[in-house]
Engineer: 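Structure in structure tokens, see below.
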Protein chains: 2
Amino acid sequence: MKPKKIEKDTESRILDAAKRIFIRKGLDGARMQEIADEAGINKALLHYYFRSKEKLFLTIFREELRNFFPRLFPVLLSKDLTPEMKIRHFVENYIDLFIKEPFLPAFVLREVNRNPSIVAQFIGEAGIEPEKLRNLLDVFATELNLTMNEMLHLMVTIVSACIFPFAGKPIIKQVLFDDNEGDYQKFLNHRKTYVADFVIHSLKGRLLK
Amino acid sequence: MKPKKIEKDTESRILDAAKRIFIRKGLDGARMQEIADEAGINKALLHYYFRSKEKLFLTIFREELRNFFPRLFPVLLSKDLTPEMKIRHFVENYIDLFIKEPFLPAFVLREVNRNPSIVAQFIGEAGIEPEKLRNLLDVFATELNLTMNEMLHLMVTIVSACIFPFAGKPIIKQVLFDDNEGDYQKFLNHRKTYVADFVIHSLKGRLLK
DNA sequence: TAAATAATTAACCATATGGTTAAACTATGC
DNA sequence: GCATAGTTTAACCATATGGTTAATTATTTA
């Protein structure tokens, strides 16, 4: 029952450590020494497993970009959900994801703005196919009786409403909740139903034009 | 007609250069040499005018934080605007601001996440008074027949919808617009009316519950 | 078990970077 | 014209940082 190989364990220790450090500090702010310390290993070992900081970073980034992207296909294609339920599911799952990974939004936004070409570079590997996604949105637009343009705005609005509360946490918490973490967390929990309600009301409200 | 003093000019040249570099690259990514080059001066001169990178950065950040914060008081307190018009004004002005300063949202979000305490530290100097702001929102909530909780969500939702399209530009442009800058810009312009409409529909839609 | 291979470390290296110094240059006041 | 204070520069410094090397210690394999 002796552990045969430590290497595999070391690799995942490195990945865990790198993830924690990179997500909080970004590529520019992270130090290889810091990651080594966090993983409890020698700095040279980092370069033994991942040749360079860049390589290690991209390994982490690819994975986190995949997490970041909402997996719309299963929800939107479901036949036994009303449009309203699809929206509720989406919002709830997406906000829950960020409650579990609160630093993910700020991390991804920071890195794609540092180097925008990284998006095109990794979008495929992150399991996103823009064309298929746009087709999907087109179908959903029809279902909701929206133009594709309106659908794109709707999508961006929903995603914004889910992501910004996390990416803007320091500001929101300070300005709206007097730096009270508990109040801010309560706000996040309410938000799952609030955003869905808000969107659904808006779609209904169009009828009142 | 000879220029009497160059000094003042030098200082503003430095500030302009620092602003450009810091906003695009952040504190961690920016290099003092780069800022000096951008300003067309010697690196030592940077330290002559602003003792350290940190000091120079904070000078820029303070100013940009002030820009970033929506100036709600004049709009929300106006007596001759309907709530609907207040929302329309706010959204249009806020999005227009970011069309002029497209890197501002990503910059502020990056830096407040790098060092959250910077918000509390500079919120006063940026001309924001959280208490007064919350009072203002309370009044507006009454005007709209909303609870304070709903008002906070509404506020965050509107701000999210304005900011995220800029902070998330690399992703949105790539995924939704196949990397076409023109399409993305058109989207931003539509967005001014779309977001306002969306919010107003939602408030009306509540009646259809 | 001995050779071969993989994992790990301490010490090192080259370069980049924020920051300093001392000297030179410029304008201004007397 | 000269002294003084303010401005600008080239050269320099200490340190941090990503990365490498060579030796050491497991682990595998024949």
Side-chain angles (χ1 to χ4, degrees), chain A residues 1-62 64 107 110-111 114-115 118 121, chain B residues 1-62 64 107 110-111 114-115 118 121:
Chain A
M1 252 306 150
K2 61 174 186 276
K4 275 183 74 174
K5 277 193 164 193
I6 310 292
E7 319 101 53
K8 190 65 199 165
D9 191 48
T10 298
E11 181 167 332
S12 59
R13 289 238 309 281
I14 292 177
L15 286 172
D16 283 356
K19 181 179 159 182
R20 279 193 293 273
I21 302 294
F22 275 135
I23 282 192
R24 278 171 185 71
K25 310 210 166 182
L27 174 64
D28 289 334
R31 295 294 102 115
M32 290 300 264
Q33 186 60 60
E34 204 181 357
I35 295 173
D37 293 347
E38 178 91 4
I41 55 157
N42 189 288
K43 184 163 66 96
L45 204 52
L46 279 182
H47 289 87
Y48 177 75
Y49 279 88
F50 303 88
R51 295 172 81 110
S52 69
K53 188 187 186 185
E54 181 83 3
K55 289 248 175 59
L56 177 56
F57 171 78
L58 290 179
T59 304
I60 301 297
F61 181 78
R62 180 180 11 239
E64 297 309 312
F107 170 68
R110 180 185 359 192
E111 299 305 327
R114 183 183 56 78
N115 173 20
I118 207 174
Q121 199 178 328
Chain B
M1 253 306 152
K2 59 173 185 280
K4 275 182 75 174
K5 277 194 164 194
I6 309 292
E7 320 100 54
K8 190 65 200 163
D9 191 49
T10 299
E11 181 167 332
S12 59
R13 288 240 309 281
I14 292 177
L15 286 172
D16 283 357
K19 181 179 159 182
R20 279 192 293 272
I21 302 294
F22 276 135
I23 282 193
R24 278 171 185 71
K25 309 212 168 181
L27 174 64
D28 289 334
R31 295 294 102 115
M32 290 299 265
Q33 187 59 60
E34 204 182 355
I35 295 172
D37 292 348
E38 178 91 4
I41 56 156
N42 189 287
K43 183 163 67 95
L45 204 52
L46 278 181
H47 288 87
Y48 177 76
Y49 279 88
F50 303 86
R51 296 171 80 110
S52 69
K53 188 187 186 185
E54 181 83 4
K55 289 248 176 57
L56 177 56
F57 172 78
L58 290 179
T59 304
I60 301 297
F61 181 79
R62 180 179 12 240
E64 296 309 312
F107 170 68
R110 180 186 357 194
E111 298 306 328
R114 183 183 56 77
N115 173 20
I118 208 174
Q121 199 177 328

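Lettering of chains follows the sequences in order, A, B, ..., and the numbering in each one begins at 1.
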Engineer: Rounded to the nearest angstrom, tell me the gap between atom CZ in A/R13 and atom C1' in C/dT8.
Structural biologist: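 For the pair A/R13 CZ and C/dT8 C1', the rounded distance is 12 Å.
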Engineer: Given D/dA10, C/dG19, C/dA7, identify the nucleotide with an atom nearest to the side chain of B/A44.
Structural biologist: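 Comparing D/dA10, C/dG19, C/dA7 against the side chain of B/A44, the answer is D/dA10.
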Engineer: Using the side-chain contact (heavy atoms from CB on, under 4.5 Å) rule, take B/F22 and B/K53 through it: C-alpha gap first, then chi angles, then the decisive distance, then the call.
Structural biologist: CA-CA 10 Å; B/F22 276 135; B/K53 188 187 186 185; 4.3 Å; yes
Engineer: Given atom CD of A/Q33 and atom P of C/dT9, what is their separation to the nearest angstrom?
Structural biologist: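 Distance, rounded to whole Å: 12 Å.
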Engineer: Verify side chain to side chain donor-acceptor pair (under 3.5 Å) between B/D37 and B/Q33, making sure each step is shown before the conclusion.
Structural biologist: CA-CA 6 Å; B/D37 292 348; B/Q33 187 59 60; 3.0 Å; yes
Engineer: Determine: side-chain N/O of B/T10 to OP1/OP2 of D/dT7, distance under 4.0 Å, yes or no.
Structural biologist: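 B/T10 to D/dT7 OP1/OP2: no side-chain N or O under 4.0 Å.
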Engineer: For the pair made of CG in B/N42 and P in C/dT21, what is the distance, rounded to whole Å?
Structural biologist: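 That distance rounds to 15 Å.
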Engineer: With a 4.0 Å cutoff (strictly under), does any side-chain N or O of B/R31 reach OP1 or OP2 of C/dG18?
Structural biologist: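 Indeed, a polar side-chain atom of B/R31 lies that close.
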Engineer: Please report, rounded to the nearest Å, how far the C1' atom of D/dT17 is from the CG atom of A/L46.
Structural biologist: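 My rounded result for the distance is 13 Å.
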Engineer: What's the CG-C1' distance between B/D37 and C/dA16, to the nearest Å?
Structural biologist: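 After rounding, the reported distance stands at 14 Å.
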Engineer: From CZ of B/F50 over to P of D/dT7, roughly how many Å is that when rounded to an integer?
Structural biologist: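 So the CZ-P distance, B/F50 to D/dT7, works out to 12 Å.
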Engineer: To the nearest Å, give me how far apart CG (B/L56) and P (C/dG19) are.
Structural biologist: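 Computing the B/L56:CG to C/dG19:P distance gives 10 Å.
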Engineer: Between A/R110 and A/I23, which heavy-atom pair has the shortest distance, and what is it?
Structural biologist: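 Distance-wise, the nearest heavy atoms are NH2-O, 3.2 Å.
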Engineer: Is there side-chain contact between A/K25 and B/R114, with heavy atoms separated by less than 4.5 Å?
Structural biologist: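 A/K25 does not reach B/R114 side chain to side chain.
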Engineer: Taking atom types as they are modelled, would you say the side chain of B/K43 forms a donor-acceptor pair with the base of C/dG19 within the 3.5 Å cutoff?
Structural biologist: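 Check passes, donor-acceptor contact within cut-off.
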Engineer: When the nearest nucleotide of DNA chain D is assigned to A/S52 and to B/Y48 on a heavy-atom basis, which residue is associated with the more 5' position?
Structural biologist: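 On the 5' side of the pair lies B/Y48.
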Engineer: Where the side chain of B/L45 is concerned, which of D/dT20, D/dT8, C/dG19 is the nearest nucleotide?
Structural biologist: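 Taking heavy atoms from C-beta onward, the closest nucleotide is D/dT8.
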Engineer: I need the CD1-P distance between A/I41 and D/dT25, as an integer number of Å.
Structural biologist: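 Between P of D/dT25 and CD1 of A/I41: 19 Å.
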Engineer: Which is it for A/E11 and A/F50 under the side-chain contact (heavy atoms from CB on, under 4.5 Å) test, yes or no, and what are the steps along the way?
Structural biologist: CA-CA 9 Å; A/E11 181 167 332; A/F50 303 88; 4.2 Å; yes
Engineer: NA contact type, B/A36, heavy-atom cut-off 4.0 Å: base, sugar-phosphate, or nothing?
Structural biologist: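 No contact.
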Engineer: So if I take every side-chain heavy atom of B/Y49 and compare against C/dG18, D/dT7, D/dT9, which nucleotide ends up nearest?
Structural biologist: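 Out of C/dG18, D/dT7, D/dT9, the nucleotide with an atom closest to B/Y49's side chain is D/dT7.
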